[in-house]
Novice: 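Pasting in a structure now, in structure tokens, and then I'll have a few things to ask.
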Amino acid sequence: MPELPEVETVRRSLLRLVGRTVARVATSGLALRAPVDEKRLARACAGARVDGVRRVGKYLLLDFSRGDVLLAHLGMSGRFLFADGDAPREPHTHAVFALDGGGELRYVDPRRFGFLRACSADEVAESPELRALGPDPLSRAFTVDGFADALSSSRTPIKSFLLDQSRIAGLGNIYASEVLHRAGVSPRRRADRLGRARAERLHRAIVEVLAAAVSRRGTTFRDYVDADGARGGNQFHLAVYDRAGEPCPVCNAAIRRVTQGARSTFYCPACQR
DNA sequence: GCATTACCCTGAAAGC
DNA sequence: TGCTTTCAGGGTAATG
């Protein structure tokens with residue numbers, strides 16, 4: 001389940017693409033979240049050099065030398081993987097970028113909730129996917145005042161607010177639960193009823209939890225790996241996620257699981273208010 | 001206009 | 001043991 005720390009880890013592992021040229025592109029022909037336009041993909045990438053790899057929220061952006069951009073989202077189960085050209089392809093390989101000088105970058109996604117689209121640099125800035133995103137919490141755009149303002153305008157439970165990518169771009173189900181625990185805030189509390197002190201604690205917790213997870217190269221629950229196939233290390237540091245019935249690491253009360261917006265939420269009923 | 005629900009998809013786990 | 005059902009969750013579209 002790639003969230004911001006996992007996507008950032010993938011981004012860093014993709015940085016060694018910079019300076020490499022894509023020789024050709026092939027796709028499986030199967031639709032991901034949206035159909036993949038193989039011709040447009042080839043027009044953007046084939047014969048073009050990778051000039052940069054960026055991240056916005058959970059989206060990855062590969063900048064190509066002719067000015068095109070590959071916009072990618074890993075969805076639930078998507079992976080970018082480096083491989084030898086003659087190595088057998090994993091099942092559910094949906095795109096292959098053959099590199100000049102040998103080797104391939106492959107996009108593998110069993111559940112096909114991911115997303116791949118090539119566009120021009122102008123189009124990407126105006127793309128509905130990126131325009132819909134709120135501030136990235138590891139960017140300067142994520143300020144306490146802006147966050148507090150956004151909270152005050154929403155009556156939804158804070159857990160659902162944190163998952164809303166138009167409010168903050170990058171949190172998913174694991175880190176939303178972890179952030180609320182770190183801040184001592186109940187997942188059921190209405191966003192507009194947090195108050196300034198809780199908003200500040202929550203803002204700090206978001207930055208701290210995500211930064212710590214990035215430093216541990218993400219959380220590997222089931223199948224997340226970076227482009228070199230390496231697992232993350234943050235799963236050993238989760239306080240509440242997937243720990244229903246286990247003792248809270250802060251106060252020893254039993255961690256609870258509830259369902260909010262069709263997603264599981266894990267929290268400590270004693271220290272989250 | 002806002003918040004909630006259904007849906008896409010596959011693999012793992014649970015249930016029979 | 002082996003088949004069937006349920007569940008998980010990213011984002012978006014449809015519904016309330």
Side-chain angles (χ1 to χ4, degrees), chain A residues 1-11 27-36 55-61 71-81 89-95 107-117 124 127-134 136-137 149-180 187-194 210 213 218-225 231-232 234-235 238 240-245 257-267:
Chain A
M1 302 163 224
E3 304 180 28
L4 186 153
E6 291 75 39
V7 178
E8 175 61 20
T9 303
V10 171
R11 185 191 75 82
T27 70
S28 66
L30 291 173
L32 303 175
R33 185 171 96 207
V36 179
R55 180 191 60 74
V56 180
K58 300 179 196 173
Y59 282 90
L60 284 166
L61 291 80
L71 184 60
H73 195 291
L74 302 175
M76 285 281 300
S77 57
R79 303 171 175 187
F80 276 111
L81 290 172
R89 287 182 187 166
E90 283 201 29
H92 311 293
T93 298
H94 295 294
Y107 179 78
V108 179
D109 188 358
R111 292 184 199 175
R112 288 197 265 144
F113 282 11
F115 179 84
L116 288 178
R117 186 157 58 82
V124 77
S127 70
E129 292 82 9
L130 297 190
R131 279 178 60 110
L133 297 180
D136 185 292
D149 276 353
L151 287 170
S152 66
S153 70
S154 174
R155 295 188 294 185
T156 200
I158 184 61
K159 167 68 180 338
S160 301
F161 179 97
L162 294 177
L163 291 179
D164 183 345
Q165 303 299 297
S166 72
R167 300 292 193 174
I168 313 168
L171 287 173
N173 211 35
I174 295 176
Y175 296 111
S177 283
E178 292 298 309
V179 157
L180 287 167
R188 289 194 256 226
R189 184 173 282 273
R190 268 173 52 165
D192 60 349
R193 297 204 177 152
L194 257 70
L210 293 177
T219 300
T220 296
F221 233 82
R222 212 162 268 136
D223 44 19
Y224 158 74
V225 289
R231 296 164 60 86
N234 196 63
Q235 60 274 18
L238 297 177
V240 290
Y241 184 81
D242 203 34
R243 303 187 65 155
R257 180 196 150 160
V258 292
T259 300
Q260 291 180 289
R263 301 290 192 262
S264 296
T265 299
F266 299 88
Y267 73 104

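In the text below, chain A, chain B and the rest are named by the order of the sequence lines, each starting its count at 1. In what follows, every heavy atom counts, from backbone to side chain, and hydrogens, waters and symmetry copies are set aside.
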Novice: How close do A/G114 and A/D109 get, heavy atom to heavy atom, and via which atoms?
Specialist: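 Heavy-atom minimum between the residues: N-OD2, 2.9 Å.
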
Novice: Heavy atoms only, 4.0 Å cut-off, all strands: where does A/Y175 land among base, sugar-phosphate and nothing?
Specialist: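 No contact at all - A/Y175 keeps every heavy atom at 4.0 Å or more from the nucleic acid.
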
Novice: Quick one: A/D109 CG to C/dG10 P, roughly how many Å, whole number?
Specialist: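 My rounded result for the distance is 13 Å.
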
Novice: Choosing from C/dG11, C/dG9, B/dT10, which nucleotide comes nearest the side chain of A/K58?
Specialist: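 The closest nucleotide is C/dG11.
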
Novice: Nearest to the side chain of A/R112, which nucleotide is it out of C/dG11, C/dG10, B/dT10?
Specialist: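 Of C/dG11, C/dG10, B/dT10, B/dT10 is nearest to the side chain of A/R112.
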
Novice: Less than 4.5 Å apart, side chain to side chain, heavy atoms only: is that true for A/Q165 and A/Y59?
Specialist: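 Contact flag for A/Q165/A/Y59 side chains = no.
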
Novice: Atom CZ of A/F266 and atom CG of A/L238: how far apart are they, to the nearest 0.5 Å?
Specialist: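 So the gap between those two atoms works out to 10.5 Å.
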
Novice: Does A/H73 place a side-chain N or O at less than 4.0 Å from the phosphate oxygens OP1/OP2 of C/dG11?
Specialist: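 Result: yes.
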
Novice: Collect all protein-nucleotide pairs involving nucleotides 2-5 of chain B in which both atoms are nitrogen or oxygen and the distance is under 3.5 Å.
Specialist:
residue : atom : partner : partner atom : Å
B/dA3   : OP1  : A/S154  : OG           : 3.4
B/dA3   : OP1  : A/R155  : N            : 3.1
B/dT4   : OP2  : A/T156  : OG1          : 2.8

Novice: Please list each protein N or O that sits under 3.5 Å from an N or O in nucleotides 12-16 of chain C, with the distance.
Specialist:
none

Novice: Between atom CG in A/L74 and atom P in C/dG9, what is the gap in whole Å?
Specialist: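 After rounding, the gap between these two atoms is 17 Å.
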
Novice: Atom CZ of A/R89 and atom OG of A/S28: how far apart are they, to the nearest 0.5 Å?
Specialist: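 Output value for this atom pair is 10.5 Å.
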
Novice: Does A/S264 put a side-chain nitrogen or oxygen below 4.0 Å from OP1 or OP2 of C/dG9?
Specialist: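 Yes, within the criterion.
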
Novice: OP1 or OP2 of C/dG11 versus the side-chain N and O atoms of A/Q165: is any pair under 4.0 Å?
Specialist: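 Yes, within the criterion.
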
Novice: What's the CG-P distance between A/L163 and C/dG9, to the nearest Å?
Specialist: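 From A/L163 CG to C/dG9 P: 10 Å.
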
Novice: Measure the distance from CD1 on A/I174 to P on C/dA8 and round it to the nearest whole Å.
Specialist: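 After rounding, the gap between these two atoms is 13 Å.
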
Novice: With a 4.5 Å cut-off on side-chain heavy atoms, are A/F80 and A/L60 touching?
Specialist: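 The answer is yes; the side chains approach within 4.5 Å.
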
Novice: Are the side chains of A/L130 and A/L71 in contact, using a 4.5 Å heavy-atom criterion?
Specialist: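 A/L71 reaches A/L130 side chain to side chain.
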
Novice: Please tell me if A/H92 has a side-chain N or O lying less than 4.0 Å from either OP1 or OP2 of B/dG11.
Specialist: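 Yes, because at least one side-chain N or O of A/H92 sits under 4.0 Å from OP1 or OP2 of B/dG11.
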
